[in-house]
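I have placed the structure first, in the form of structure tokens, so that the comments after it can refer back to it.
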Number of protein chains: 2
Amino acid sequence: MSDLLERLRARGWRLTAQRRVIAEVLAGEHVHYTADEVHALAAGRLPEISRASVYNTLGELVALGEVREVTTDGRAKRYDPNVAESHQHLVCSGCGAIRDVRLSGDPLAVLPEEERYGFTVSEVAVTYYGRCPDCAAA
Amino acid sequence: MSDLLERLRARGWRLTAQRRVIAEVLAGEHVHYTADEVHALAAGRLPEISRASVYNTLGELVALGEVREVTTDGRAKRYDPNVAESHQHLVCSGCGAIRDVRLSGDPLAVLPEEERYGFTVSEVAVTYYGRCPDCAAA
DNA sequence: TCCTATATTGGACATTGTCCAAGTCAAGAA
DNA sequence: TTCTTGACTTGGACAATGTCCAATATAGGA
């Protein structure tokens, strides 16, 4: 994740303690925390960090294209640091677990021209819902 | 939409003025109102209707499978009365307009077995984003 | 070290949604 | 038709999530 901080500094970002711990929290695979979760985890390392800074920083990371915003339920948005690899999401309707998944085809290809209503279509989000092994067993 | 009310009455629903106006508001094509919009439109016909009744009724309609909940942005949930026809959504990132779209293939088919992590996958939501003709021109 | 534009903070406020106790009413019974 | 009752509605309090702002602090260049 120091890559990320370097890239951001090159773009004129000030490297503050708050931004550093937020970047650390977002490191890893299959990470999809809500803003509140990021705040709680960041506060573990930097107790005085404010909610506002977390929201500000996450918003900036999204604007810079370093993090993706994901909405899997109608609740809080989640933040996905995996932007290098094109992927979609698989969500367990039992426990809420989220996995990154790679599709074998381009979902844009299955939207026929006559169903585009003249729109210029640029993006697509695909979310699969099901039950994870643990929740299926229960 | 009297179809809907009949079906619901057959299931033991009480037919109240509130439920009637909510059902009327939800009639039509490409309807995707938020709870607040439903409340405002319903209040046009029945001024004393409460927010709580709108939330209650929408929740019941969803539970009964008569209306689908749709989340296209991280904001308010929207309610889609078109459950007869399998479809996905196309959203204008300029003005927020939403269209129902029918895909030419099954999106479940492009999720490979090895990307399912042992989940039992039952549903998929596909949302396309782009600019509608009006917003593209502007 | 000093300066200053930029970042952080706490708290007020906004939006969306849930819950509950009290009052109201739809629809079957008589 | 009128009565009865359990389901429905209501207003308002509360919860969850997110935005905004003025005051304060600080990163990093001069």
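Residue numbering restarts at 1 for every chain, and letters A, B, ... go by the order of the sequence lines. Since we're looking at a predicted model, the values are computed, not measured.
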Are [X] and [N] close enough that a side-chain N or O sits under 4.0 Å from OP1 or OP2?
X      : N       : value
T16(A) : dT8(C)  : yes
Q18(B) : dC25(C) : no
S53(A) : dT9(C)  : yes

Query raised in the report: Would you call the rings of F119(A) and Y117(A) parallel, tilted or perpendicular if under 30° counts as parallel and over 60° as perpendicular?
Result: perpendicular
Query raised in the report: Angle class for the H89(A)/H87(A) ring planes (parallel below 30°, perpendicular above 60°, tilted otherwise)?
Result: perpendicular
Query raised in the report: Looking at dA7(D), does its base get a donor-acceptor pair with the side chain of R14(B) below 3.5 Å?
Result: yes
Report task. Spell out yes or no: do the side chain of R19(A) and the base of dA7(C) have one donor N/O and one acceptor N/O closer than 3.5 Å? Result -> no
Query raised in the report: Any chance CD of E48(A) has more than 12 other-residue heavy atoms, nucleotides or ligands included, within less than 6.0 Å?
Result: yes
Query raised in the report: Any side-chain heavy-atom pair from V124(A) and V126(A) closer than 4.5 angstrom?
Result: yes
Query raised in the report: Tell me, do L8(A) and E66(A) make a side-chain contact under 4.5 Å, heavy atoms counted?
Result: yes
Rounded off to whole Å, could you give me the [atom1]-to-[atom2] distance for the [X] and [N] pair?
X      : N       : atom1 : atom2 : result
R75(B) : dG18(D) : CZ    : P     : 10 Å
L5(B)  : dA26(C) : CG    : C1'   : 14 Å
L15(B) : dG28(C) : CG    : C1'   : 15 Å
Y55(A) : dG10(C) : OH    : C1'   : 15 Å
R78(B) : dG17(C) : CZ    : C1'   : 15 Å
R11(B) : dC8(D)  : CZ    : P     : 14 Å
E60(A) : dA7(C)  : CD    : P     : 6 Å
K77(B) : dT18(C) : NZ    : C1'   : 10 Å

**Report entry** Nucleotide of dG18(D), dG11(C), dT10(D) approaching A52(B) most closely (side-chain heavy atoms)
**Finding:** dT10(D)
Query raised in the report: DNA chain C: G12(A) or Y79(B), which has the more 5' nearest nucleotide?
Result: G12(A)
Query raised in the report: How is R51(B) classified with respect to the nucleic acid when contacts are heavy atoms under 4.0 Å: base, sugar-phosphate, or nothing?
Result: base
Requested in this report: Could you tell me whether A76(A) contacts a base, only the sugar-phosphate backbone, or nothing, with contacts defined as non-hydrogen atoms closer than 4.0 Å?
Outcome: sugar-phosphate
